[in-house]
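What follows is a short report on a single structure.
What you are looking at is a predicted structure, and each value in this text was computed from that prediction instead of being measured.
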Amino acid sequence: MERRRTLKAPIGCVGIGLHSGRRASLTLHPAPAGDGIVFRRSDLGLEIPARFDLVFDTRLCTAIALPGQPQARLGTIEHVMAALAACGIDDAVIEVDGPEVPILDGSAAPFLFLIDCAGVTTTAMPRRSIEVLKTVRVQESDAPGSAWAQLEPIATPGFEAALEIDFPSSAIGRQQLSLRVTEASFRAVLADSRTFTLAEDVARLRAAGLAQGGSLDNAVVVDGPLVLNPGGLRHADECVRHKLLDVVGDLALAGAPLSARFSGSRSGHALNNRLLRALFADAEAWRWTDEALVPAFSPRAPARRQAEPVAA
């Protein structure tokens with residue numbers, strides 16, 4: 001039987017928030033077995049469990065917030081969540097001193113580096129996963145060709161994913177990727193692929209208060225057939241790789257590993273979150289892999305942890 005894992009030691013980094021443009025400090029801490037992944041806003045003295053039902057905003061990132069406290073939000077959590085999930089980290093505290101996780105280079109690779117430096121330890125508590133029992137599907141709209149995402153049962157326990165994207169920019173175009181997601185495949189295929197945007201969208205995003213910290217150091221920018229980053233792409237299909245990286249991070253908000261096959265077309269943060277909500281809304285669509293164990297996390301449970309507010 002697999003056992004829950006956490007970090008051996010704390011480790012941190014400093015960067016800027018992609019959308020806020022603010023300096024951000026992040027520290028990964030070990031956590032007791034069974035606590036799950038929890039984000040701590042050290043500037044507010046609040047803790048927010050990493051859960052799908054606490055997702056507050058999905059505009060160009062995934063942001064979570066405590067119920068009724070939208071000011072206590074934390075955005076751009078998907079890359080660090082993907083890295084933790086890929087490394088099998090079940091319990092950790094992610095401490096951040098502001099409203100956004102630092103973007104670093106726009107991929108999950110820097111977070112893998114932090115995890116590797118901190119080390120991983122196995123606890124005595126058994127680890128369980130969530131088995132998908134029937135197909136659950138969500139669509140952006142009823143229009144033909146609209147974006148969609150689905151989870152379906154898988155014959156061999158584990159997580160497989162297939163995604164297709166299609167962008168008008170010829171530097172991206174139509175890309176497809178399918179793989180069985182393991183720590184090894186995540187490191188080799190997905191981890192270093194960066195977030196991306198179209199050049200014509202940059203001014204609009206900044207006018208909307210987004211992408212304030214974006215640059216060619218932390219995002220791929222494409223303009224028609226051109227990639228504006230001096231070093232070009234890290235992979236010819238870097239964009240679909242990054243979108244699949246986002247899927248791994250967004251679905252990690254299930255609170256336990258999924259044993260399922262994911263597939264989607266042009267799925268983003270919003271559909272990924274809707275998919276988890278649809279899954280857990282149907283009691284016949286999923287089960288814990290070992291019903292004899294008491295779950296450390298319940299998809300329907302309220303937020304369990306909230307620290308006392310810090311003094312002004």
Side-chain angles (χ1 to χ4, degrees), residues 6-7 10-32 34-85 89-104 108 111 114 195 205 208-214 246 249-256 268-270 272-274 276-277 280 296-312:
T6 188
L7 301 168
I11 192 166
C13 66
V14 176
I16 63 168
L18 175 64
H19 296 298
S20 66
R22 292 176 49 177
R23 179 187 180 277
S25 173
L26 174 143
T27 304
L28 301 176
H29 295 274
D35 272 17
I37 306 297
V38 177
F39 285 89
R40 176 184 296 153
R41 279 286 302 268
S42 59
D43 57 326
L44 300 178
L46 297 173
E47 292 188 339
I48 313 170
R51 294 214 318 253
F52 72 94
D53 57 327
L54 297 181
V55 169
F56 173 76
D57 192 357
T58 52
R59 291 179 303 159
L60 301 179
C61 75
T62 294
I64 55 176
L66 292 173
Q69 300 185 60
Q71 75 284 359
R73 61 171 279 162
L74 189 64
T76 320
I77 68 171
E78 58 271 15
H79 301 164
V80 67
M81 285 299 301
L84 290 168
I89 305 297
D90 303 285
D91 305 294
V93 173
I94 307 166
E95 184 175 356
V96 186
D97 64 353
E100 191 174 14
V101 170
I103 189 63
L104 303 178
F111 296 113
L114 292 176
T195 192
L205 293 173
L210 301 170
Q212 303 299 307
D246 282 345
D250 288 341
L251 296 189
L253 295 176
H269 301 300
N272 296 340
N273 183 250
R274 279 182 54 197
L276 285 183
R277 291 175 184 267
F280 292 120
F297 169 87
S298 171
R300 296 180 180 80
R304 295 183 296 128
R305 299 177 51 169
Q306 180 174 334
E308 291 297 322
V310 295

Are F111 and L26 packed together at the side-chain level, in the sense that at least one heavy-atom pair is separated by less than 4.5 angstrom?
yes
Any donor-acceptor N/O pair, D97 side chain to D43 backbone, under 3.5 Å
no
Has R277 got a side-chain atom pairing as donor or acceptor with F52's backbone, closer than 3.5 angstrom?
yes
Is the shortest heavy-atom distance from the side chain of L18 to the side chain of C61 under 4.5 Å?
no
Please set out all donor-acceptor pairs under 3.5 angstrom arising from side-chain atoms of residues 75-83, sequence neighbours excluded.
unit_1 : atom_1 : unit_2 : atom_2 : d
T76    : OG1    : E100   : OE2    : 2.6
E78    : OE1    : T62    : N      : 3.0
H79    : NE2    : H242   : NE2    : 3.3
H79    : NE2    : D246   : OD1    : 3.4

Hey, does I94 have a side-chain heavy atom less than 4.5 Å from the side chain of L84?
yes
So does G36 get a backbone contact from the side chain of D90, meaning a donor-acceptor N/O pair under 3.5 Å?
no
Could you walk me through whether F39 and V101 pass the side-chain contact (heavy atoms from CB on, under 4.5 Å) check?
CA-CA 10 Å; F39 285 89; V101 170; 4.2 Å; yes
For R41 and V96, indicate whether the former's side chain and the latter's backbone hold a donor-acceptor pair under 3.5 Å.
no
Where R73 and A63 come nearest, the two heavy atoms and their spacing
NH2-CB, 3.2 Å
What are the two closest heavy atoms between P10 and P30, and how far apart are they?
N-CD, 3.8 Å
Which pair of non-hydrogen atoms, one from L46 and one from A72, has the smallest distance, and what is that distance?
CD1-CB, 3.2 Å
Heavy-atom pair of closest approach, residues T58 and A270:
OG1-CB, 3.4 Å
